[in-house]
2 protein chains.
Amino acid sequence: MIKLTQHRQVILNLINESNHHWEAEELARALAERGYRIGIATVYRGLAALEAHGLISSFQLADRKRYERASKAHHDHLICTRCGRIEEFVNEDIEREQDLVAAQKGFSITGHQLVIFGICNRCIDKN
Amino acid sequence: MIKLTQHRQVILNLINESNHHWEAEELARALAERGYRIGIATVYRGLAALEAHGLISSFQLADRKRYERASKAHHDHLICTRCGRIEEFVNEDIEREQDLVAAQKGFSITGHQLVIFGICNRCIDKN
DNA sequence: TTATCAATGATAATGGCTATCATTCTGATG
DNA sequence: CATCAGAATGATAGCCATTATCATTGATAA
C-alpha cells in the first residue's frame, strides 16, 4: 500500500532515531547535513505520506507542524516558551474528561489537541 | 492607556454582540457589509490591540487565529470538523490535572491550548 | 521492453499575517 | 484656538510555512 521509497525510509529513520519533535525545514536541514539531497517538497510530501500511514505522528505548534515517532500510547505536549524544550505526558484523567465533555455536548469525538505552555525548571534555575 | 478609536470600538462591538469565534478576514467582511471601510491591516492591528488589553480573547485553530468575547471564566473549545461549529466548555478537572502535570514535569505553567475535535449531533443526524 | 503510474525536484503560487511608509487623526499643551 | 508629537490608518509589499504545478525520473507489472 504505502510506497516506502529510499527517501521516505531515510526520513522515517531519522525521526525514529530520536525523541525529537521535528519541523519540516529542520528535518530537511538535518538530511542535507547527512548528505541526502532531498527536495523540500519531497520532505513535506514524505512526511504527509508517512503520517497518513501511521508511521509517524504530528501535532500543530503555533504556526507550524511538528513530526515525531509514532508511539503506541497517545500523549500530549508541554512546551517551555523560553527555551523551546518539549516534554510529553500522558494523563488518563484528562482523556476521560474530554470524552465526557464531548458526550455532554453531543459530539462524537475524533481527536484533540492539548499543549501546555510554561517555563521549564532549567530556565527558572537560570534566573 | 489603550486608544479605543472608532474603528476599534466597532470591531469590539461586533465581537461583543455574539458568541461567534471570528477569524480576522471574516470580521473584515462583516464590517464591510455593515458599511465600514476599515483596511485589513487595521483589523489585524485592532484585534491585536484589543486582545493585548484584555478586551477580547483569542485561540489558535489550525492555521488561523479566532477572536471572541473576553469572558471572565476560562474555557476551551470543541469543534465540529464537518460543519465548523464551535462550542465552549469549562472543565475544572482538566484544569487541575494540567496544573499537576506541569508541576510533575517541573514547569511553571503559563497557559494552555485545548481543542477537542469531533462530529456534532446535528451533522450526525443528517446521515 | 514497454506501458503505467507514483515519486521527485525546481519553482511558482497560496494564504494568513506583519512590516513599511506616507498620510491622517487625536489629544495634550501653550 | 493653534500647534505639535505620537499613534492610528490604509495601501501594499513582504514574509514564511506549506501546497500546487509540471516536466522528468523511477519502479512495477504485463
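Within every chain, numbering begins at 1; the chains are lettered A, B, ... in the order of the sequence lines, protein sequences first and strands thereafter.
- For A:His7 and C:dT8, the shortest distance from a side-chain N or O to OP1 or OP2 is below 4.0 Å.
- Here B:Arg66 does not pair with B:Glu68 in a salt bridge; the nearest charged N to carboxylate O distance is not below 4.0 Å.
- Minimum interatomic distance between A:Glu51 and A:Ser57 (heavy atoms only, all atoms of both residues): OE2-C, 4.2 Å.
- Look at A:Tyr44 and you won't find any side-chain N or O under 4.0 angstrom from OP1 or OP2 of D:dT19.
- Atoms CD (A:Gln9) and P (C:dA7) sit 15 Å apart, rounded to a whole Å.
- Positionally, the nearest nucleotide of DNA chain C for A:Val43 lies more toward the 5' end than for the other of B:Glu23 and A:Val43.
- Taking atom NE2 of residue B:His53 and atom C1' of nucleotide D:dA7, one finds them 12 Å apart after rounding to whole Å.
- Nearest nucleotide to the A:Ile38 side chain, out of D:dA17, C:dG9, C:dG16: C:dG9.
- Mapping B:Ala41 and B:Arg64 onto DNA chain C by nearest heavy atom places B:Arg64 closer to the 5' end of the strand.
- Across all strands shown, B:Arg45 has heavy atoms under 4.0 Å from base atoms, whether or not it also approaches the sugar-phosphate.
- Salt bridge A:Asp93/A:Arg96: present, at least one basic N to carboxylate O contact under 4.0 Å.
- Taking only side-chain nitrogens and oxygens, A:Thr5 never comes nearer than 4.0 Å to OP1 or OP2 of D:dA27.
- Closest approach of B:Lys105 to A:Asn121, counting heavy atoms only: O-ND2, 4.1 Å.
- Note on A:Arg8: a side-chain N or O is less than 4.0 Å away from OP1 or OP2 of C:dA7.
- Taking atom CD on A:Glu25 and atom P on D:dT19, their separation rounds to 12 Å, with Å as the unit.
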